Amino acid sequence: MFSYLWAIPVAGVLALGFAFWKSMWVNKQDAGTDEMKGIANAIREGAMAFLRAEYAKLIIFVVAVAALLAWFNAGQADSHALIALSFVVGAVCSGLAGLFGMRVATAANVRTANAARTGLSSALKVAFSGGAVMGMSVVGLGVLGLGSLFWIFANTGMLGEGDILSIVGAHPKLEVVLNVVSGFSLGASSIALFARVGGGIFTKAADVGADLVGKVEAGIPEDDPRNPATIADNVGDNVGDVAGMGADLFESYVGAIVGSMILGMGWMAGMPEGSALNPVILPLFIAGAGIVVSIACTFLVNVKEGGNPQRALDTGTFVAGGVMLVVSFFLIKAFLGDGTFTVGGETYTAMGVFWSTVGGLVSGILIGVVTEYYTSDHRAPVKGIADESLTGPATNIISGLGVGMVSTFLPTALIVAAILVAYYTSGLYGIAMAALGMLATTGIQLAVDAYGPIADNAGGIAEMSHLPKEVRGRTDKLDAVGNTTAAIGKGFAIGSAALTSLALFSAFATKAGLLERGINVLDPKVMAGVFVGGMLPFLFSSMAMKAVGRAASRMIEEVRRQFREIPGLREGKEGVKAEYARCVDISTAAAIKEMVLPGMLAVTAPVLAGLYSIEALGGLLVGTTVGGVMMAIFMSNAGGAWDNAKKYIEGGHNGGKGSDAHKAAVIGDTVGDPFKDTAGPALNILIKLMSVVALVIAPVLVRFHGG
């Protein structure tokens, strides 16, 4: 099967070709009136200005880390200086995925608004096509970059000795190849964290400022052009929910592949002659097949006029999952055969690997369903928060916190179930394959998720350009579905992060020899690591939340200043316009400045722990993973529930817009904004990044501690 590895980069090129075709189609659609184009251009320019500023900072980080990686790995038998190249390629691919998705999202938003002037069906098609570009760019760049690096390093003498085909079974060369390739995952994770934190700070600073001054103080509607922060708010939807979510799933996707490839080495001894590498390269083929399935299932997302967009999106997602299970079955049988594998004294089969994959996919879907229950305005938890809003902001916040806390139970149970099924059917390799099973159809899953902010922006453009009410009604219908898909996407991201980080941790444990050393929970070094690791998600979240608070304070002051100093702005006098660019500049400057410290915490903590003790680093990763997953579920679901409680009241319940209950709900939503869009999602990346840092530095740590 190794000789067919060329098909993996081809699958990546196929995804990028499909993304390019969809992007061209979106750009050919009518962008509407001059007023609509002007608003869309302001959003686009703000989004691209943020990306330029962010990437300018990140280039310095990438160059510095690449130099350190090359220095520490040069001339080593178990690694190679070319790990720096893999790191740079991973960082560039992650950055390009965000750039491609951002460009088409900021083109699709106005075209979705214009398409909504004629009907719901055409608007859905434009919005989903824009999301598909993001989804396919992520999987295309991930598979193309990772597949190409593995193919080049395995088939040439760049890393020493001959190609792997001629020395199959000689683990030292393969270990070097996989260690060097793991740098790609580190590059992806590093960029993802900064993109998530920076994008989250940008969008929530604008959103909080727009809501508190606009809705609560001035009493004007959401997306009203009189609000100076409204353009920044719409820009934030793109930098946070498009580029940020894309980077998040990009690193999960790549991390799951890398982790399962490394753990696949343990199965090589049980393979027949000539197919020893099959367990290692199987994850690449499953990822490549997932691209083809995702592309095919995008054509199933259609809705008739007056139909239900949610059903159309669900059809594409669930059919893709079902087809992928069938494809995975045949791939696993073809690569692993019908024999048994003895790993660490335990015996496993190919069907065990398949059941691990099934467990991962099913748990991912169920976590999304549970997330939807706790965050949907059609369900009891959100309605309960709305009812508590009748007695003021305090009871609204107390109720939302309670919903967020209780929402951790079922997702945790589902993650635990997936881990146990995977481990007892195919060991640590099974856990990695469960993560990959959950992420195999990332292409269409991310397309559905990225559709949400495009629909949200379309509604804002419709409002600011004074389109007829029926147009806003159609975009609101798309946006309502987008809120659900966003909540499900966040739940899915958390589940995949938990399994991916566990797979990466297992790969680290294998490389660092922790399986032989063992981790004794009574060892003071291990216990210290667990406690510090459990604390880090709280410290990280505090940094992110306080950053949003500081940035939002500056935004609020600016909005108040403009209402105070620009005559006729609050009253909506004809010809009077807000200074939108100043608010965009405030969010951009705050996000770039504030993203540095949380990002450096994630990178340096595992290095410092590892230099102290490998066992302490193991404990640190355990504590961070457990604490981070719980915090991520709590914060994302609490924030989503607060948001939809506000929307439930705005729909005419409990007094409707302008009522005391509505004002209380707006305050609750404002508290929840950095929960669900800054700290919560960024925690997913924190736990994965710390695990992949540990994985990459494992050979260095083993040498440092004397083997």
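Note that the structure is a prediction, hence the values are computed from the model and not measured.
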Ionic contact status for [Y] with [X], cut-off 4.0 Å:
{"X": "D677", "Y": "K204", "value": "yes"}
{"X": "R117", "Y": "E470", "value": "no"}
{"X": "K657", "Y": "E650", "value": "no"}
{"X": "D314", "Y": "R311", "value": "no"}
{"X": "D643", "Y": "K647", "value": "yes"}
{"X": "R111", "Y": "D30", "value": "no"}

Worksheet item: Within a strict 4.5 Å, meaning less than it, do heavy atoms of the Y451 and L124 side chains meet?
Response: yes

Worksheet item: Under a 4.5 Å cut-off applied to non-hydrogen side-chain atoms, are M102 and V239 in contact?
Response: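 Yes; the side chains approach each other to less than 4.5 Å.
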
Looking at every non-hydrogen atom in both residues, tell me the closest pair between [X] and [Y] and how far apart they are.
{"X": "A289", "Y": "L331", "result": "CB-CD1, 3.8 Å"}
{"X": "A107", "Y": "N27", "result": "CB-OD1, 3.5 Å"}
{"X": "G130", "Y": "V104", "result": "O-CG1, 3.4 Å"}
{"X": "I291", "Y": "A15", "result": "CG2-CB, 3.7 Å"}

Discussion item. Would you call the rings of F18 and F299 parallel, tilted or perpendicular, taking 30° and 60° as the class edges?
Written reply: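 It falls in the perpendicular class, over 60°.
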
Value rounded to 0.5 Å, distance of [atom1] in [X] from [atom2] in [Y]:
{"X": "K676", "Y": "N637", "atom1": "NZ", "atom2": "CG", "result": "11.5 Å"}
{"X": "E251", "Y": "S185", "atom1": "CD", "atom2": "OG", "result": "7.0 Å"}
{"X": "I461", "Y": "T112", "atom1": "CD1", "atom2": "OG1", "result": "8.5 Å"}
{"X": "L499", "Y": "I431", "atom1": "CG", "atom2": "CD1", "result": "8.0 Å"}
{"X": "L366", "Y": "E372", "atom1": "CG", "atom2": "CD", "result": "12.5 Å"}
{"X": "L193", "Y": "I685", "atom1": "CG", "atom2": "CD1", "result": "5.5 Å"}

Fill in: F150, W6, F335, F330 screened by ring pair (Phe, Tyr, Trp, His ring centres under 6.0 Å) with F285, the one that passes
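That would be F335.
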
Fill in: S260 side chain vs A432 backbone, donor-acceptor pair below 3.5 Å
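Absent.
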
Discussion item. Is it the case that the side chain of T408 and the backbone of G404 share a donor-acceptor pair, with hydrogens and angles ignored and the cut-off at 3.5 Å?
Written reply: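 Here the side-chain-to-backbone pair does not exist.
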
Item to complete: Verify the ring-centre separation between F329 and F354: is it less than 6.0 angstrom?
Response: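 Distance test on ring centres: under 6.0 Å, yes.
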
Discussion item. Would you say N109 and N457 are linked by a side-chain donor-acceptor pair, where the criterion is simply a distance under 3.5 Å?
Written reply: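 The answer is yes; a qualifying pair exists.
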
Discussion item. When you compare the side chains of T425 and S356, does any donor N or O come within less than 3.5 Å of an acceptor on the partner?
Written reply: yes

